[in-house]
Amino acid sequence: MSTLKNRPNTALLVVDMQNGVVARAHARDAVVANICRLVELARQEKVPVVWVEHTESHLPRGSDAWRIVPELSPDAAEPHIEKSYGDAFEDTELEIVLSSLGVGKLVLVGAQTDQCIRATLHGAFVRGYDAILVSDAHTTEDATKWGAPPPDQVIAHTNLYWTHETAPGRLAGTVATKDVAFR
C-alpha cells in the first residue's frame with residue numbers, strides 16, 4: 001500500500017542494537033531474543049535485513065560500545081547504515097539502499113524507543129513507506145531522572161499511538177513478534 005512506485009518488497013530494519021545503546025535497556029534480553037527470531041525469519045523468507053548503527057562521541061565507530069550486540073549476527077552481505085541522527089534516513093544512504101531493493105514496507109525493531117525508533121518510524125512514514133513497529137521488539141533505557149515516564153510506559157505509549165497512525169496511501173501499525181508475516 002506504500003505510496004512509493006514499484007517498491008513491492010518488505011525489509012526488516014534493525015535500529016541501533018549496539019552494546020552501548022542497549023546495555024541498560026528495559027527487557028533487553030527478551031527484546032534481543034525477539035529480534036533474533038525476526039532476523040532468522042526474514043532470512044528464511046529472503047527478506048532483506050538492514051542494520052542501522054548510530055555513531056557519536058560516546059559510540060565511536062569501531063568501538064565495543066558501537067558494535068551490534070553479540071547475540072545478533074549481521075551478515076557481511078546485509079546492508080549496514082551508519083547514522084548520526086535519530087532518523088535513520090537523515091543524511092544516510094538508507095533511501096538509496098531501500099530503493100535498490102525495491103522496498104516500500106519497513107518492519108522496524110531496535111532501540112531507543114523514544115528516540116531513534118520514533119524518529120525513524122516517522123521519517124519512513126512521511127517519505128511514503130508503510131511502517132510497521134514490532135511491539136515487543138523495541139526497547140529503551142530508563143530516563144525517569146530527566147522527567148520521562150518509566151521505560152515500560154514509553155514502550156506501551158509508542159505501541160498505542162503507532163497502532164492508530166494513519167495517512168493516505170500508507171500503512172502504519174504494530175504487530176507482535178509471533179504474528180510477523182513478511183509476505
Side-chain angles (χ1 to χ4, degrees), residues 11-39 49-74 80-92 94-95 106-127 129-167 172-180:
L12 176 63
L13 191 62
V14 183
V15 178
D16 299 352
M17 288 303 294
Q18 298 159 265
N19 291 315
V21 175
V22 299
R24 295 179 308 277
H26 174 75
R28 178 213 181 272
D29 293 344
V31 168
V32 170
N34 286 341
I35 294 172
C36 282
R37 284 187 208 97
L38 293 167
V39 168
V49 179
V50 180
W51 300 87
V52 177
E53 295 157 295
H54 195 83
T55 301
E56 61 179 271
S57 60
H58 73 282
L59 289 170
R61 187 176 203 283
S63 69
D64 187 54
W66 182 81
R67 288 185 181 81
I68 300 290
V69 296
E71 300 93 328
L72 298 173
S73 53
H80 291 255
I81 303 297
E82 189 174 327
K83 68 179 182 64
S84 299
Y85 300 98
D87 180 352
F89 288 90
E90 196 65 44
D91 198 26
T92 70
L94 182 56
E95 171 55 29
L106 295 174
V107 176
L108 273 82
V109 300
Q112 304 269 4
T113 299
D114 45 349
Q115 295 174 21
C116 299
I117 293 298
R118 286 184 184 173
T120 301
L121 278 170
H122 288 278
F125 206 55
V126 300
R127 287 173 174 88
Y129 288 88
D130 293 340
I132 305 300
L133 176 63
V134 183
S135 61
D136 54 356
H138 64 99
T139 187
T140 195
E141 62 190 4
D142 189 343
T144 55
K145 68 181 177 183
W146 294 288
D152 60 326
Q153 291 179 14
V154 170
I155 293 164
H157 179 253
T158 302
N159 289 337
L160 173 68
Y161 87 76
W162 202 254
T163 296
H164 301 288
E165 187 66 38
T166 60
T174 60
V175 62
T177 297
K178 67 179 181 58
D179 298 322
V180 169

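No hydrogens, no waters, no symmetry mates; every other heavy atom, side chains included, goes into these values.
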Student check: side-chain heavy atoms of Glu56 and Trp66 closer than 4.5 Å: no
Thr113 versus His138, closest heavy-atom pair with distance: OG1-ND1, 2.7 Å
Any Thr140 side-chain heavy atom under 4.5 Å of Gln115 side chain: no
From Thr120, Thr92, Asp16, residue fulfilling side chain to side chain donor-acceptor pair (under 3.5 Å) relative to Lys83: Asp16
pair Leu13-Leu94: side-chain heavy atoms closer than 4.5 Å: yes
Donor-acceptor under 3.5 Å (Thr139 side chain, Arg28 main chain): no
Test item: Arg67 side-chain N/O and Gln18 main-chain N/O as donor-acceptor pair under 3.5 Å: no
Worked check of side-chain contact (heavy atoms from CB on, under 4.5 Å) between Leu38 and Val180: CA-CA 8 Å; Leu38 293 167; Val180 169; 3.6 Å; yes
Gln112/Glu141 under side-chain contact (heavy atoms from CB on, under 4.5 Å): CA gap, chis, key distance, verdict: CA-CA 7 Å; Gln112 304 269 4; Glu141 62 190 4; 3.6 Å; yes
Working for side-chain contact (heavy atoms from CB on, under 4.5 Å), residues Asp114 and Thr158: CA-CA 8 Å; Asp114 45 349; Thr158 302; 5.7 Å; no
Result block: side-chain N/O donor-acceptor pairs under 3.5 angstrom for residues 144-152, not counting sequence neighbours:
from	atom 1	to	atom 2	distance (Å)
Thr144	OG1	Asp142	OD1	2.7

Audit row: Met17, Val22, side-chain contact (heavy atoms from CB on, under 4.5 Å) steps and yes/no: CA-CA 6 Å; Met17 288 303 294; Val22 299; 3.9 Å; yes
Min side-chain heavy-atom separation Pro70-Asn19 under 4.5 Å: yes
Parallel, tilted or perpendicular: rings of His122 and Trp162 (30°, 60°): perpendicular
Exercise: identify the closest heavy-atom pair between Ser135 and Asn159: O-ND2, 3.1 Å
Nearest atoms (heavy-atom pairs only) where Ala172 meets Phe125: CB-CE1, 3.6 Å
Pairing of Lys178 and Asp136 as salt bridge, 4.0 angstrom limit: no
Distance in Å, Ile132 CD1 paired with Thr163 OG1, rounded so as to fall on 0.5 Å steps: 9.5 Å
Gly86 versus Ala119, closest heavy-atom pair with distance: C-CB, 3.6 Å
Ion pair Arg127/Glu95, N-O distance below 4.0 Å: no
Atom of Gly110, atom of Ile117 and distance for their closest heavy-atom approach: C-CD1, 3.6 Å
Contact check, side chains of Glu53 and Leu59, non-hydrogen atoms, under 4.5 Å: no
Residue pair Val15 / Cys116: nearest heavy atoms and the distance that separates them: CG1-CB, 4.0 Å
